[in-house]
2 protein chains.
Amino acid sequence: MQKAAIEKNNEAIAAQLAPVGRETVQDRVYSELRRALIGGLFEPSQVLTIRGLADALVTSTMPVREALGRLITEKALEALPNRSVRVPPITLERLDDLLRARILIEGEAIALAAARMGPRQIATIETILGEWDEMRALKHKKDVDREVTLNQSFHFEIYRSCGSAVLIPMIESLWLQSGPCIRVAIYAFSEAGEVDTAQYHRRIVTALSTQDGQAARESLVADISRPFTFLRSKLQANAAKDQT
Amino acid sequence: MQKAAIEKNNEAIAAQLAPVGRETVQDRVYSELRRALIGGLFEPSQVLTIRGLADALVTSTMPVREALGRLITEKALEALPNRSVRVPPITLERLDDLLRARILIEGEAIALAAARMGPRQIATIETILGEWDEMRALKHKKDVDREVTLNQSFHFEIYRSCGSAVLIPMIESLWLQSGPCIRVAIYAFSEAGEVDTAQYHRRIVTALSTQDGQAARESLVADISRPFTFLRSKLQANAAKDQT
DNA sequence: GATTATGATTTGTGATCACACTTGCTTTGA
DNA sequence: TCAAAGCAAGTGTGATCACAAATCATAATC
């Protein structure tokens, strides 16, 4: 019996080949829409049509409608009584509601992560911070997309360390819901004040590397509150203007 | 111009007619599966097939597959690499993870609700408690289904008062995820110890009617922890038995 | 001239079909 | 006797079609 030899050969093959994976079209559509949502590529109150998205993504309607359904259940999109779907509009209440939930859940996640992150994980988020500085160095081109991506990587690298398979999907849902809102805030920050966002992240890293969960939570709260309070005042200003 | 008169007539009609609503088949399938999941009608690790469910629900595969997709995204079901879907199996880690998340989020929700519940809402949950006692009175028929339903009504009547459109869907997702687990616990309670579950609920009502958020939170934590710690010890006992 | 009817277009929903992959069983060969 | 190949039933995925409801533009009516 040459079974052992065959087995060995198979292992040799497996070592060289990467698993091809079998991602469905629906998964790709879903990821693409998620990316667009978190990145704030869709505007609040914008309505999306199945056929329109299918054309834009060059597929049939089938994968799109299932992806939309999934996004609706996680409240990233909203189903109108007309059965059309749109990006949820921003209101003051919703903003406060989202921030409170994010403080609660992401705060818990980072406190858990603080006790579990090793030098390996700390190094990873420091690398991300480094890329941030690098990007800032050549500031002539303010790449908001990249900024959003790096911010996301930084936070989720931490959350992944919290070891909770239940909390992480909830945080993803929260980001999906607040994505369309904070995009405008990040853009305004990057354009105007230039109050270094990275300094908040540095405070988080410091707290995490000393395993200080409480400090990490507080720094995180400061970090995620900023765009929300900014948006809040902006929204109130608009409301006041509409009054006149 | 009799526009005002017509408008008035329309309003009069609207006052008498109930909106008919246009529930889709997919929505019904989704609700039905949710109900089954929260009620624990499916066992952990059970595999569900699209065609099988479609036959059972007497529809085509289309509404079922979309409903399954939605349930997968809220982690109520699990997509295997084989592309079959099953209800997630129970593990010790998952149990602890779920309980921690529920304490965190439902605790916050009830604390918020404590400050917002008026006599009207208090009366509603007291009614539910009354129905509970009534059911207990004729205890010859231990109706676990009704017990699960009443428990759900009691809790969600409270959560609805928290005023957070963001937290409530998350709590629903958590119930969906813990449903298959706690069913066995409730059943065991109802059968064996008969330690009055209602007494925990009464403590919650007392705390809420005095607007004591902290007490309400603590009572709630005691209430939802009970089935989890029960299941936990049972699972550990099983693990020990498998060892031998 | 403003409002209501009417028709065409667009959109979501559900059903059905074709295809690829998985799974379990049978058959074949050593 | 046992393992591997081959076959058949079952399953998820995507495409397409039919239909009903919504939307919008045009026409008709007061």
Side-chain angles (χ1 to χ4, degrees), chain A residues 1-11 13 17 19-33 42 45-73 76-87, chain B residues 1-11 13 17 19-33 42 45-73 76-87:
Chain A
M1 193 203 301
Q2 46 178 333
K3 186 177 169 186
I6 293 176
E7 188 68 22
K8 188 160 174 293
N9 184 31
N10 285 344
E11 278 176 22
I13 293 177
L17 262 42
V20 58
R22 225 156 36 86
E23 199 184 30
T24 67
V25 178
Q26 181 193 152
D27 290 336
R28 276 199 296 278
V29 172
Y30 177 68
S31 310
E32 191 60 21
L33 291 181
F42 296 137
S45 301
Q46 181 179 353
V47 312
L48 305 176
T49 65
I50 294 180
R51 286 173 171 90
L53 289 174
D55 287 349
L57 296 167
V58 199
T59 45
S60 83
T61 64
M62 185 61 64
V64 175
R65 58 198 270 193
E66 309 207 351
L68 284 188
R70 291 168 67 180
L71 289 168
I72 289 171
T73 65
L77 294 176
E78 191 181 31
L80 269 53
N82 321 336
R83 301 209 166 151
S84 54
V85 358
R86 68 169 177 187
V87 182
Chain B
M1 191 202 300
Q2 46 178 334
K3 184 178 170 185
I6 292 175
E7 188 67 23
K8 189 161 174 290
N9 184 31
N10 286 343
E11 277 176 22
I13 294 176
L17 262 43
V20 57
R22 224 159 33 88
E23 202 185 27
T24 67
V25 178
Q26 182 192 150
D27 290 336
R28 276 200 296 277
V29 171
Y30 178 68
S31 310
E32 192 58 22
L33 291 180
F42 295 137
S45 300
Q46 182 179 353
V47 180
L48 304 177
T49 66
I50 294 180
R51 285 173 172 89
L53 289 174
D55 287 349
L57 296 167
V58 199
T59 46
S60 84
T61 63
M62 184 59 64
V64 175
R65 59 197 271 193
E66 309 207 350
L68 285 187
R70 291 168 67 180
L71 289 168
I72 289 171
T73 64
L77 294 175
E78 191 181 32
L80 270 52
N82 320 336
R83 302 210 165 150
S84 54
V85 356
R86 69 171 178 186
V87 359

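Lettering follows sequence order; numbering is per chain, from 1.
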A.B. asks: Which heavy atom of S60(B) sits nearest a heavy atom of A54(B), and at what distance?
C.D. replies: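 Scanning both residues, the minimum pair turns out to be O-CB, 3.5 Å.
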A.B. asks: Rounded to whole Å, how long is the line connecting atom CG of D55(A) with atom C1' of dT10(C)?
C.D. replies: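 Taking CG of D55(A) and C1' of dT10(C), I get 12 Å after rounding.
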A.B. asks: How do R51(B) and M62(B) order along DNA chain C: which one's closest nucleotide is nearer the 5' end?
C.D. replies: M62(B)
A.B. asks: What's the closest nucleotide to the side chain of N82(A) if the choices are dT16(D), dG12(D), dT23(D)?
C.D. replies: dT23(D)
A.B. asks: Between atom CD in E23(A) and atom C1' in dA20(C), what is the gap in whole Å?
C.D. replies: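 It works out to 17 Å between those atoms.
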A.B. asks: Between atom CG in L48(B) and atom P in dT11(D), what is the gap in whole Å?
C.D. replies: 12 Å
A.B. asks: Could you state the interatomic distance from CD1 (I72(B)) to CD (E78(B)), rounded to the nearest 0.5 Å?
C.D. replies: 9.5 Å
A.B. asks: Closer to the 5' end of DNA chain D via nearest nucleotide, is it T59(A) or R83(A)?
C.D. replies: T59(A)
A.B. asks: Could you state the atom-to-atom distance from CG of D27(A) to P of dG12(D) in whole Å?
C.D. replies: 15 Å
A.B. asks: Over all heavy atoms of both residues, which pair between T49(A) and G52(A) is shortest? Give the atoms and the distance, please.
C.D. replies: OG1-N, 3.1 Å
A.B. asks: Taking the side chain of T24(A) as heavy atoms from C-beta outward, which of dT13(D), dT16(C), dG12(C) is closest to it?
C.D. replies: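 Within the option list, the nearest is dT13(D).
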A.B. asks: Just to be sure I understand the rule, does Q26(A) reach a base, reach only the sugar-phosphate, or reach nothing, if contact means heavy atoms closer than 4.0 Å?
C.D. replies: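 The residue Q26(A) makes sugar-phosphate contact but no base contact.
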A.B. asks: Quick check: on DNA chain D, is the nucleotide nearest P63(A) upstream (toward 5') of the one nearest I50(B), or the reverse? Name the residue that is more 5'.
C.D. replies: I50(B)
A.B. asks: Quick one: E66(B) CD to dG12(C) P, roughly how many Å, whole number?
C.D. replies: 12 Å
A.B. asks: Could you state the CG-P distance from L53(B) to dT11(D), rounded to the nearest angstrom?
C.D. replies: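 It works out to 11 Å between those atoms.
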A.B. asks: So what does L80(B) hit on the nucleic acid, given a heavy-atom distance under 4.0 Å: a base, only sugar-phosphate, or nothing?
C.D. replies: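 The answer is nothing, as L80(B) stays clear of every strand by at least 4.0 Å.
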A.B. asks: What are the two closest non-hydrogen atoms of R51(B) and T61(B), and how far apart are they?
C.D. replies: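 The pair with the smallest heavy-atom distance is CG-CG2, 3.9 Å.
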A.B. asks: With hydrogens left out and only the distance checked, is there a donor-acceptor pair under 3.5 Å joining R65(B)'s side chain and the base of dG14(C)?
C.D. replies: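 Checked by distance alone, the answer is no.
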A.B. asks: Given side chains that start at C-beta, do those of L53(B) and V29(B) come closer than 4.5 Å, heavy atoms only?
C.D. replies: no
